[in-house]
Amino acid sequence: MNDILIYITSGLGALFVLLAAIGTLRMPDQYLRISVNTKAATLGVGLLLTASALFFLDLSVTTRVIAVIIFIFITAPVSAHLIGRTSYFIGNKLWENSYIDDLKGKYNKSTHELKGLNKRKNNEEETESKSES
Amino acid sequence: MEIILAVITGVLYASGIYMILRRSMVKLILGIILLGNGVNLLIFLLGRITKGEPPIIDSAEKVLEGVYADPIPQALILTAIVISFGLQSFAIILVKRTYKVLKTDDLDQLNTTDEDS
Amino acid sequence: MLAAVLLGFLFSLFLVFAGSYFKGKLAVLSSIIPISLFVYFLSFLPEISNGEVVYESYEWIPSFGVNLSFTLDGLALLFALMITGIGSLVFLYTSAYLKGHKYLDRFYGYLSLFMASMLGLVLSDNLMSLFIFWELTSISSFYLIGFNNDKADSRKSALVALGITGIGGLLLLGGAVLLGDVAGTYRISEMLSMRDSITDSSHYILILLLIFGAAFTKSAQFPFHFWLPGAMKAPTPVSTYLHSATMVKAGVYLLFRMTPVLNGGDIWHTILIVVGGITMLYSAIHIIFRTDLKGILAYSTISALGILVFLIGIGTQAALIAAAVFIVVHALYKASLFLITGIIDHETGTRDVTQLAGLRKVLLPVAIAGFIAALISGGVPPTLGFVGKDLIYESTLHFTNNAVLLTILAISTNVFLFYAGFVAGVKPFMGPLPKKFENIHLPSPLMWVPPLIMTLAGLVFGIFPGLIESAFAKPIAMTQAIAFEDFHLKLWHGFNTVLGLSAITLVLGTILYLKLTPSHALENSIAKFNFISPKILFLKLSEGFAVFSSYWTNFFQTGYLRHYISTIVAFLILLLGYLIFSDFSLESDFSTLAELTIYEISILLMLLAGVLYTVFTKSRLAAVAALGVVGLSFSLLFLFYSAPDLAMTQFSVDTLTVILFVLVLYKLPRYLNLSDRWLRIKHGVLSASFGVLITLLILRVLKEPKNTEITEFYAENAYKLAHGKNVVNVILVDFRGIDTMIEISVLIVAALGVFGLLKLRLKTKDKK
Amino acid sequence: MKTKFLSNILLMLIWVFLTGEYNFNNFFFGFLLSFIILWILSGFEEKNTKKYFKIVPKIISFFLFFIWELTKANIQVAYEVITPNLNMKPGIVGLPLDAKTDLEITLLANLITLTPGTLALDVSTDRSVLYVHAMYVVDKKEFIEDIKQGFEKRLLEILR
Amino acid sequence: MNIHDFLYYIILPILSVSSLLVFVRFFKGPSIIDRVVALDLLITIGIGIIAIYSILSDTPTFLDISLVLALIAFLGSVAFAYYLEKRNKNE
Amino acid sequence: MTNDIIILPLIVHLFLSILLMFFWNKLNFQKIVSVVGNAMALGVAIWVFTYVYSSGTQVVESGDWPAPFGIVFVGDMLAVTLVLLTAITGFAVSIFSTISVIKARLKFGYFSVFHFLLLGLNGAFLTGDIFNLYVWFEIIIISSFVLISIGGEKSQLEGAVKYFALNFFASMIFLTALGVLYGLVGTLNMADISLKIAEVKDTTLVEISAVLFLVGFGIKSAIFPLYFWLPASYHTPPSAVSAIFAGLLTKVGVYALIRIFTLIYGGDSFLTILLLTLAIMTIFSGGLGAIIQNNIKKVFMYFIICHIGFMIGGLALFTEVAMAGVIFYLIHDIIIKTNLFLISGLIYRIKGTTNMKKLGGLYEHYPKLSLLIAIPLFSLIGIPPLSGYWPKISLILASFNAQEYWFFGALIFGSLITLIVIAKLWSEVFWKNQPEINFPEKFIYFNQLRFGQKLTFIFPIAFLTFVTLYIGFGAEHIQQLSERIATELMNKELYIDAVLKR
Amino acid sequence: MRTIILKSASSYLLPVLLLFSVFILLRGHYLPGGGFVGGLVAAIAFVLDAFSNGLDKAKKILKFHPGFLMPVGLSVAFLSGISPLVFADLPMMTGIWAENPIPVIGAIGSPLFFDIGVYLVVIGSSLTIIFTISESL
Ligand code: NA
Ligand code: NA
């Protein structure tokens, strides 16, 4: 029973990781890549860790695995958020097929203050594209 | 395996030195870091490598028995890593400060001290 | 004798601290020292002339065999009396010559220092202590030549003199060490019995060359002679004392001393005769092209020194005694002439012999002294000079080889010396007195009495040569470890060849003096040949050397870090390559090595790619990120190979480094591609070769079996004795805890450094 | 609530020490046991602490809900990644927030990010809007409503 | 096929291939954001590899390293974001 | 317990570093503590020295782990002599620092780092473990990095960057050598290495490790062709710092070379040729460099290089006589080079420059001071019977005995260059009249200082001069000591037996 | 950085990370970990806080300059190193051990205090470096 669980969790975990990898390679813009990366990889690694917890079936291992999983689940989205918003700052454009951009023109370029939805839209020219050297 | 690692160590040495030979101070530091890694790998490798047998005594045992990795090179590398860390951080700041004072990242501009005066 | 030697040192030390308080009485105070020493040494005369040797030894540095051993034998006594005797007169003379000089205390300090060193030199029985005093004479000479240190000329002459005598000193050191080693002692008196074993040793030639080098430089032999005319920049008392009477004879003294030890036959004779011969004639000829009195005297001094070396080279009993007598002769007349020149210079303000005439009318006692000095110098009977010259011809005539040639050489030289003595001692006083000199008055007796005393002594010794004979000739011959054949110094030997030669010399000398007038035209005519003179060659050589130094230094010290590193790397490649390929074998047994798995390959690929990316990317930030990849790969690698602690540490440190980098990076400029392609290729080849060598080195080491004694001890005892199960940690905090303690200190210092670097801002004005 | 939780843990530890069996089951049992004990005892205490006992089941249900969402969305993304065509309708949507405190906003944002297909990019400085990047924004209103009714509501229930 | 073989011959290769794929993204960029994301993902995959490797080598202690990895990878991303934001602000 | 006193110098300096860090901003307190602490360290060093002198080599096994399993400290005569010399120079330099280093710099942990540096030096001399030696080297270089760069302006930073890069590189080579050595013998205790290296079959590998050590240490001790960093950096920091660098930093490299070449690689013919060649080239390059310099600090720096060659050459000859010469020279050199840089600091304070072309008239205006300075200068030249002279006897003798005439030539060459250049320096700086130049205005000149401050400048120089005079006139003692050390070094069994308690 | 998400996440992570760092420190003698890594983790926790809440706040949490930890930590290590010399007449760095081991940490002895010293020094120096840089930006 336990063995089967290990097969499943590890197999699924590896698949999700692979998915994240392919996604990172295939997705057309930074935001989509971040998106794919965070989810699939986090889930995948969570599963892989679970597999090891199942394998050892030991309290100390299990607690550590849980700790790692919780930690990853807390930090991964935070860093995704940071990177995503930074990507927007430095002017990485959305994929050409993108549908909507509510964020456009909302950032004050010098203070990095972000406006809410109800405020007047202006300074659109501020989001010109730039890329790292 | 060791052969490949030996090659990689060589590559690390070569890259490190190559970068140290560049004129940019940032590259100099990158080179220093790479070279440091190369040296660590060399020590690790020459201490002989063992797969999957860390030098940690099982909770039930009192001595380390059977096959186990040599802990000494590990301890040495650990010390070396920490020291390199200290040196590297200092170097990074030194470069920053030098850039601020000299307004250049070009090592070739740093040759007034060797002029006869 | 130790006290006698130390006295001068102590006095000069005393002057350093108290000199300024005794300004007025300095002269008296100073002169007491040489005078009392002269008396002291004079008191030994009876003993020494009886063939006794006074010996005194104090242990100093027995580990080196260096002791303060002094012997007073005939040779030493001759020199000691000369040093203290002429010293006394020079000290007195100085008191008038430099009266009221601001730095009179310094001058006496240097002079006493020199006197003491010179005494030490001639009294030492220990070759090492002889060397020590030898060097001290060079140093005091340096200070005396450069006494007028505000003049660039003086400084330069002092430097040249020190340079030449410095070379000699070092050669002497080498020779002394080697001789001491061969003989097993530094005691000269002990070496005397070992002549055969020394001359037979394989180092004999080397010893000889080193000792000769020392003697030739110190005694201004060709081609090292040129420092001596330069040394005439010193005040006249210095020229008198050091550069004619005493110091320059140190080389001669050394040869004298070494004759019984090192005279091993042809080499000895040949070198000394050739060098001495060239020197004596070469500088003798130079005399006629000089107009400066001091210059004339300088060249005649060199020539005289050449004669001495020449005589020692002949090395027969007659020659040696001739040399001993000639030393006395030369000291007496040359010192006198220098002092006379000093008086003339002091009173008239010029030393140009073409300007000087008729001074007898105002400086009569000086003129008398000058005349006698000229007679001694010219070897005119009944002066001691005549006795000396006779002895010289006696030795050349009886030498086994080339007797005729040598005799002709001696005669020619003596003719020029005759000329020199008369030009310096007689010419300024003859003829009508020019108007400008009419107001001249005879200076203080302190100045004109000393030369008079010396010349009169030369006269007296000439009339009673037995004085010299009993006092010195025999004892000196004894120091030469040769059986003293019955030999008498006489003024009159009867009509023989030697007398004829003397007569020829006098006639030719008189003709030369009468026919040849010193002139600037003559002086300028020889200036054309300056470019081949040893002095110019030496200066050219040292200039060339400076250029070469500059070239060599700048070749390595370019200021470019990459040059320094690439030189070091190239050097390493050379050595490692040589060693690795000296016995290189491709065949290797790697069956014991670990197998390779897929995940390792992927990690290694990642590592490799990360490294290469770091190197080749054009973006700094990407390079830093790639460094993160490298760190990750490393940490996984460490993990696979059983080093979890390392994996953790490597990764955290790498990340922290990346953070630091990132924090600093945007304050730095973007990457520039500064090197050109050729340089990149060059560096690439260099670093790649080094990498290849490292790889080969690793593979080769891995073939060797490894000793695991220590590792096993840790495995066995980490828990039992050190209560830890993570052996790596146990090593870090217990087995090798000191490492860790210092390692954290390194971190602390680094942090302090970072703190200081970024927080400490010096304003340029209060810098330092 | 915090003190309650701590008491719970403390009790669990005491149980474990008493039993001397340091394994997972024992800890779990200890936790459960002390939880029940505290629940029973809480009847005599003030009202505020009662919340703790209501929340625990809610957390569990929320957790399960989240896992479900996660899996669902992952499959969607997986499909997207594996299939050759890219049929996405991505965009950045401003999501008006009911969540107010830092913790609420952060948790919500993180949950949104963890759910495949959506990525919380930033919160407006006045905390009124959460900007979300989404892979499938077919209908903006529906998208906003989904999140507000799903994650935000459930989350706020637990936190408030 | 036992668990060991399964992990060894199937799971680890998948993870290895995944990391190489991600590395391709790292290479390609084009934006620094892509590199940071790729690095982050590489570390995450590393955590997965460690989990599996700890099973294979029967050494649960290796899992601790994954915690350090997770912690620090996070900080790395934060630092990069910090840098990029600051740089962008200053320009 | 009693033999533990040999690590007292380490404890004293570590304690002082920590203490000074706690009193970060208390400048006067720092000065007093550092000077008093260094006086204490001097006392301790004398104690340790006399103890070892009378009781023989002492071994401390840290952690009570028997050698070769733990780190041992070995106080043999060489080590404790160097510890004593470190204490002497440290004492002098700390006094000099209180007056010559500007306040701002002192406020940023100068003294603390200074004591870390001394700690490192003492540790390097005392340790019997090769990796531990590396660690001590690192504390030395990081301290020197900090001292050389803090508060630095243009030239100082330029020097610091190069100094850093080359020293880091040297450390890496050192580590590489260590790795190779460990891979061959599996031990780090130097005595143990000495025994086990004999069992290594592939002697080429042993030679390679020796070459790596040679280059690693050679960079630090500034031998040809590895010395480039030295002229580029040593003259840039404050004189007090240069002084300690000049006196001790290069010498610690020499010490390491002496230690490993006597204990581990003794007498290998390839290495002998290599070392000798390098020594000759070092003397040559250092001498040529010294000739063309106009800045007295630079002149002294090239002399450091030149005279390192003397010692390396003596080491290469590898006889007891030569070794005694090397040790004597080392003792002389540490004191003299430290003093020379203090002197250059004093000259800088007097005139505001160290450029010979701008200097002059010192003898005229400071005759007694000039004569005081003349003593170390003459000792440097090796004017007998001052300190630099005596070791040359042994070196020359050894070169003759080994029939290495090239080395003899180099010795003569080096000595001659030293003589000429110092004479030139004397002539330019002391004899020549002060040329008319624009002196910096906002500068506190020596004659503006209070008497006590002047004394603080002069005392360390006089103190070191006194030591130099002792070395010269008490050469018998120094030579006996050197011979004893040479005997200990050439009979490595003595060391090994003491460490491994065989 | 102006982001609520990071700010609140880090304020929750900080105590957890510190706890974790102590955990890593204490278990070092038995399992991978120890003073150095532990100290780095703690330092990283504060750096994270500095990133998200600003340097001033991170400094306020510490109450004193992190540099102060350096002499303190070194003192701890130093004292644990020389205490055997001073108190037990044993060579420097000799381990002095309590009779009975306790859970998680294992045997209590001077090496543990030594490791704690390392831990403090690492925190102190890493934070000094990073804070100084941040201030000078
Ligand atoms: Na550890
Ligand atoms: Na211990």
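In what follows, chains are A, B, ... by sequence order, proteins preceding strands, each numbered from 1.
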Report task. To the nearest 0.5 angstrom, please state how far the OG1 atom of C:Thr711 sits from the CG atom of B:Leu64. Result -> 10.0 Å

Query - Side chain to side chain, C:Arg680 and B:Tyr18, heavy atoms closer than 4.5 Å - result: yes

Query raised in the report: Given side chains that start at C-beta, do those of B:Val7 and C:Ile698 come closer than 4.5 Å, heavy atoms only?
Result: no

Requested in this report: Find out whether B:Lys96 and C:Leu758 are in side-chain contact, i.e. whether some heavy atom of one side chain is under 4.5 Å from a heavy atom of the other.
Outcome: yes

Query raised in the report: Looking at CG of C:Leu697 and CG of B:Leu46, how far apart are the two atoms once the value is rounded to the nearest 0.5 Å?
Result: 7.0 Å

Query raised in the report: Where on B:Leu34 is there a heavy atom nearer than 4.5 Å to chain C: the side chain, the backbone, both, or neither?
Result: side chain

Query raised in the report: Distance from C:Leu561 atom CG to B:Arg22 atom CZ, nearest 0.5 Å?
Result: 11.5 Å

Requested in this report: For residues B:Ile83 and C:Ile742, determine if any side-chain heavy atom of one lies less than 4.5 Å from a side-chain heavy atom of the other.
Outcome: no

Query - Which atoms of C:Leu665 approach chain B - backbone, side chain, both or neither, heavy atom under 4.5 Å - result: side chain

Report task. Output, in order, the C-alpha distance, side-chain angles, deciding distance and verdict of side chain to side chain contact (heavy atoms under 4.5 Å, CB included) for B:Val11 and C:Leu607. Result -> CA-CA 10 Å; B:Val11 170; C:Leu607 177 56; over 6 Å; no

Report summary line: Highest number of heavy-atom pairs under 4.5 Å with chain C among B:Lys100, B:Glu53, B:Glu61, B:Arg48 belongs to B:Arg48

**Report entry** Side chain, backbone, both or neither of B:Glu65 within contact of chain C (heavy atoms, under 4.5 Å)
**Finding:** neither

Requested in this report: Any chance you could lay out the side chain to side chain contact (heavy atoms under 4.5 Å, CB included) test for C:Gln650 and B:Asn37, step after step, and finish with the verdict?
Outcome: CA-CA 9 Å; C:Gln650 169 88 33; B:Asn37 280 331; 3.0 Å; yes

Report summary line: Assert top hit (heavy-atom pairs under 4.5 Å, partner chain C, pool B:Leu76, B:Ile33, B:Leu28) equals B:Ile33

Query raised in the report: Are any non-hydrogen side-chain atoms of B:Ile56 and C:Val727 less than 4.5 angstrom apart?
Result: no

Query - Verdict with reasoning, C:Leu637 to B:Leu5, per side chain to side chain contact (heavy atoms under 4.5 Å, CB included) - result: CA-CA 10 Å; C:Leu637 205 64; B:Leu5 280 175; 3.7 Å; yes

Query - Student check: side-chain heavy atoms of B:Leu41 and C:Phe634 closer than 4.5 Å - result: yes

Query raised in the report: Does B:Asp70 pair with C:Lys706 as a salt bridge, N-O distance under 4.0 Å?
Result: yes

Query - Option that, when pairs with chain C are counted at under 4.5 Å, heavy atom only, ranks first among B:Ile4, B:Ile81, B:Val95 - result: B:Ile81

Requested in this report: Please flag which part of C:Val754 lies under 4.5 Å from any non-hydrogen atom of chain B: side chain, backbone, both or neither.
Outcome: both

Query raised in the report: Any donor-acceptor pair under 3.5 Å linking the side chain of C:Ser642 with the backbone of B:Ala69?
Result: no

Requested in this report: Among the options C:Leu660, C:Val653, C:Val746, pick out the one with the most heavy-atom pairs lying under 4.5 Å from chain B.
Outcome: C:Val653

**Report entry** Working for side chain to side chain contact (heavy atoms under 4.5 Å, CB included), residues C:Thr649 and B:Phe85
**Finding:** CA-CA 10 Å; C:Thr649 312; B:Phe85 170 63; over 6 Å; no

**Report entry** Engaged part of B:Asn40 at the chain C interface, taking heavy atoms whose separation is under 4.5 Å
**Finding:** side chain

Query raised in the report: Counting only N and O atoms by type, is there a donor-acceptor contact under 3.5 Å from the side chain of C:Lys725 to the main-chain atoms of B:Asp58?
Result: yes

**Report entry** Beyond-backbone contact of B:Ile49 with C:Phe640, side-chain heavy atoms, under 4.5 angstrom
**Finding:** no

Report task. Check whether B:Lys103 gets within reach of chain C through its side chain, its backbone, both or neither, counting any heavy atom under 4.5 Å. Result -> neither

Report summary line: When every non-hydrogen atom of B:Leu21 is compared with those of C:Ser566, the smallest separation belongs to CD2-N, 3.7 Å

Query raised in the report: How long is the gap from NZ on B:Lys62 to CD on C:Glu716, to the nearest 0.5 Å?
Result: 12.0 Å

Query raised in the report: Do C:Leu757 and B:Leu94 touch side chain to side chain, with heavy atoms closer than 4.5 Å?
Result: yes

Query raised in the report: Taking atom CG of C:Leu663 and atom OG of B:Ser89, what is their separation to the nearest 0.5 Å?
Result: 11.5 Å

Requested in this report: Please report the closest heavy-atom contact between B:Ile57 and C:Ala718, naming both atoms and the distance.
Outcome: CD1-CB, 4.2 Å

Requested in this report: Heavy atoms only, distances under 4.5 angstrom: which of B:Gly86, B:Gly47, B:Pro71 has the most pairs with chain C? Name it, please.
Outcome: B:Pro71

Requested in this report: Name the option with the most non-hydrogen atom pairs under 4.5 Å to chain B; the candidates are C:Leu604, C:Ile744, C:Ile565, C:Ile710.
Outcome: C:Leu604

Query raised in the report: Is it the side chain or the backbone of B:Gln88 that comes within 4.5 Å of chain C heavy atoms, both, or neither?
Result: side chain

Query raised in the report: Roughly how far apart are B:Leu78 CG and C:Glu743 CD, rounded to 0.5 Å?
Result: 7.5 Å

Query raised in the report: Using non-hydrogen atoms only, which part of B:Tyr13 is less than 4.5 Å away from chain C: side chain, backbone, both, or neither?
Result: side chain

Query raised in the report: Is C:Glu600 paired with B:Lys51 through a side-chain N to carboxylate O contact shorter than 4.0 Å?
Result: yes

Requested in this report: Please flag which part of C:Phe661 lies under 4.5 Å from any non-hydrogen atom of chain B: side chain, backbone, both or neither.
Outcome: both

